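One structure below.
Bear in mind that the values here come from a model prediction, so they are computed numbers and not experimental data. Order of the sequence lines fixes the chain letters, A, B, ..., with proteins taken first and strands second; residue numbering starts at 1 for each chain.
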Amino acid sequence: MAGSIESLMIINKSGGLIYHKEFNNDANSKPRLSSNEMLVFAGTLHGAYTIASRLKPKAIQLKNDSSYNINANTAPRVPYVPGLGVNQCSGTTFKAPDFFSESFPSWNKTGIKQIETDDFTMYCYQTLTGVKFIMVTLPHSWVNGLQQPISVADNILRKVYCLYSDYVMKSPFYSLEMPIKNDIFDKKLKSFIASLQRDF
Amino acid sequence: MAIYSFWIFDRHCNCIFDREWTLESSKGTINSKQNEEVGKLLFGMVYSLKSIVTRLSHSNTSNNVRTISTSIFKIHILSTASGLNFVFISDIGSESLSHLLHYIYQELYVPYVARNYLSPIDFTENDVEETRGQGTRKISNPLFVESVEQFLQPMVSK
């Protein structure tokens with residue numbers, strides 16, 4: 001199943017692309033977009049994400065209008081899916097062997113979670129602070145074949161978020177909202193994605 | 001499975017048909033004025049996602065968006081070669097509904113609207129409507145409306 005996760009992006013809270021990595025092992029394949037087009041892509045996705053929250057069908061609006069207020073208690077929860085990759089950084093992190101072991105609230109309550117196209121499927125995980133983690137997979141990858149692909153993708157992306165908070169946010173040289181250029185994060189992310197693809 | 005609403009957009013970005021089901025007790029809306037803004041937002045989102053998704057694809061052939069999921073609803077899209085977009089908004093549990101959209105296009109839209117001599121070929125009436133997405137003419141053919149209604153009735157949200 002190697003190679004089923006194609007690329008990973010991090011978009012900051014104002015819609016700027018701060019990280020983009022392709023996991024395609026094939027050295028010959030050219031990147032899909034130039035870096036400039038990638039920025040346009042991130043901005044468009046950010047906009048579409050916001051529009052999606054305005055499209056709530058009337059049938060749902062009429063049923064429960066009060067559920068718009070999100071806090072930690074009312075946010076819908078994503079179940080914990082065990083066995084997705086391994087935390088290989090014991091000793092340098094406060095987190096458990098598998099990063100976390102409980103269900104977690106989903107802050108992405110009204111925005112886009114998944115886009116399916118002919119060529120690929122894209123998953124989006126948003127954190128409480130508004131950072132978006134985007135994962136692009138092949139259309140027939142193992143993630144899409146599972147019972148609840150969106151929950152699995154949320155679990156994977158939350159682990160990427162854990163790596164981000166450990167190696168990017170704790171770096172004294174990183175300035176907020178700026179593009180991430182961090183070798184350790186690159187390395188950890190790569191080994192995390194590799195361990196993920198070995199498991200399945 | 002539950003379908004909340006059904007939309008048709010023409011190649012000039014105008015919404016030419018919309019149907020929203022609301023509550024059991026009410027019949028919902030057909031071609032309503034209130035839904036105009038929602039229609040524009042919906043088409044705008046679908047259109048911009050389509051354009052970026054096409055550029056992001058590896059192959060040179062066109063890459064179509066099939067579904068867009070959020071945590072409370074799912075959008076299903078069928079684009080035809082003539083530039084029409086058929087869109088469903090359904091609940092998140094639904095599988096891909098593209099076969100239903102395809103059926104509506106093939107078995108209802110083509111015979112009742114496209115092959116109808118009395119129905120306009122293009123729903124825009126002048127240049128302004130064509131270029132600014134402000135078309136007002138909608139599909140009001142009772143036969144089409146009725147058969148869409150009949151076809152989708154079992155799948156509508158209750």
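Residues B:V145 and B:Y103 share a hydrophobic cluster, clusters being chains of Ile/Leu/Val/Met/Phe/Trp/Tyr side chains in contact below 4.5 Å. Linking ILVMFWY residues whenever their side-chain heavy atoms come closer than 4.5 Å, directly or via other members, places A:I10 and A:L176 in the same cluster. B:W21 and B:I92 are members of different hydrophobic clusters when ILVMFWY side chains are connected at heavy-atom separations under 4.5 Å.
Summarising the geometry, atom NZ belonging to B:K74 is positioned 5.5 Å from atom CD belonging to A:E116; distances are rounded to the nearest 0.5 Å. Residue A:T44 holds its OG1 atom at 13.0 Å from CE of B:M45, rounded to the nearest 0.5 Å. Separation of atoms OG1 (B:T67) and CD1 (A:I115) is listed at 9.0 Å; rounding is to 0.5 Å. A distance of 9.0 Å separates CG of A:D119 from CZ of B:R66, quoted to the nearest 0.5 Å. Between the OH atom of B:Y4 and the CD atom of A:Q61 there is a distance of 11.5 Å, given to the nearest 0.5 Å. With values rounded to the nearest 0.5 angstrom, A:F41 atom CZ is found 8.5 Å from B:L49 atom CG.
Among B:I52, B:N64, B:L41, the residue making the largest number of heavy-atom pairs under 4.5 Å with chain A is B:N64. With respect to chain A, the highest number of heavy-atom pairs below 4.5 Å among B:I77, B:V53, B:D91 belongs to B:V53. Interface check for chain B: of the options A:G47, A:C124, A:A48, the most heavy-atom pairs under 4.5 Å are formed by A:A48.
Looking at B:I68 and A:Q114, their side chains never come closer than 4.5 Å, going by heavy atoms from C-beta outward. Counting only heavy atoms from C-beta outward, the side chains of A:T110 and B:S71 never approach each other to under 4.5 Å. By the 4.5 Å heavy-atom criterion applied to side chains, A:T117 and B:K50 are not counted as neighbours.
Heavy-atom distances place the side chain of B:I75, and not its backbone, under 4.5 Å from chain A. Both the backbone and the side chain of B:S48 come within contact range of chain A, judged by heavy atoms closer than 4.5 Å.
The number of heavy atoms from other shown groups lying within 6.0 Å of CD (B:Q34) does not exceed 12. For A:F104, the CZ atom is densely surrounded, since the number of other residues' heavy atoms within 6.0 Å is greater than 12. Heavy-atom contacts from other residues, nucleotides or ligands closer than 6.0 Å to CD of B:E125 number more than 12. Residue B:E107 qualifies as enclosed at atom CD: its count of foreign heavy atoms under 6.0 Å is above 12.
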Mind running side chain to side chain contact (heavy atoms under 4.5 Å, CB included) on A:L55 and B:V38 for me, showing each step along the way? CA-CA 6 Å; A:L55 293 175; B:V38 182; 3.9 Å; yes

Give the C-alpha distance, both sets of side-chain angles, the deciding distance and a yes or no for side chain to side chain contact (heavy atoms under 4.5 Å, CB included) between B:L56 and A:M122. CA-CA 11 Å; B:L56 204 61; A:M122 194 186 298; 4.1 Å; yes

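Proximity of a side-chain donor or acceptor of B:N63 to a complementary backbone N or O of A:D118 within less than 3.5 Å is detected.
Ion pairing between A:K58 and B:E20 holds under the 4.0 Å rule for side-chain N and carboxylate O.
Taking each heavy atom of A:V40 and B:R55 in turn, the nearest pair found is CG1-NH2, 4.4 Å.
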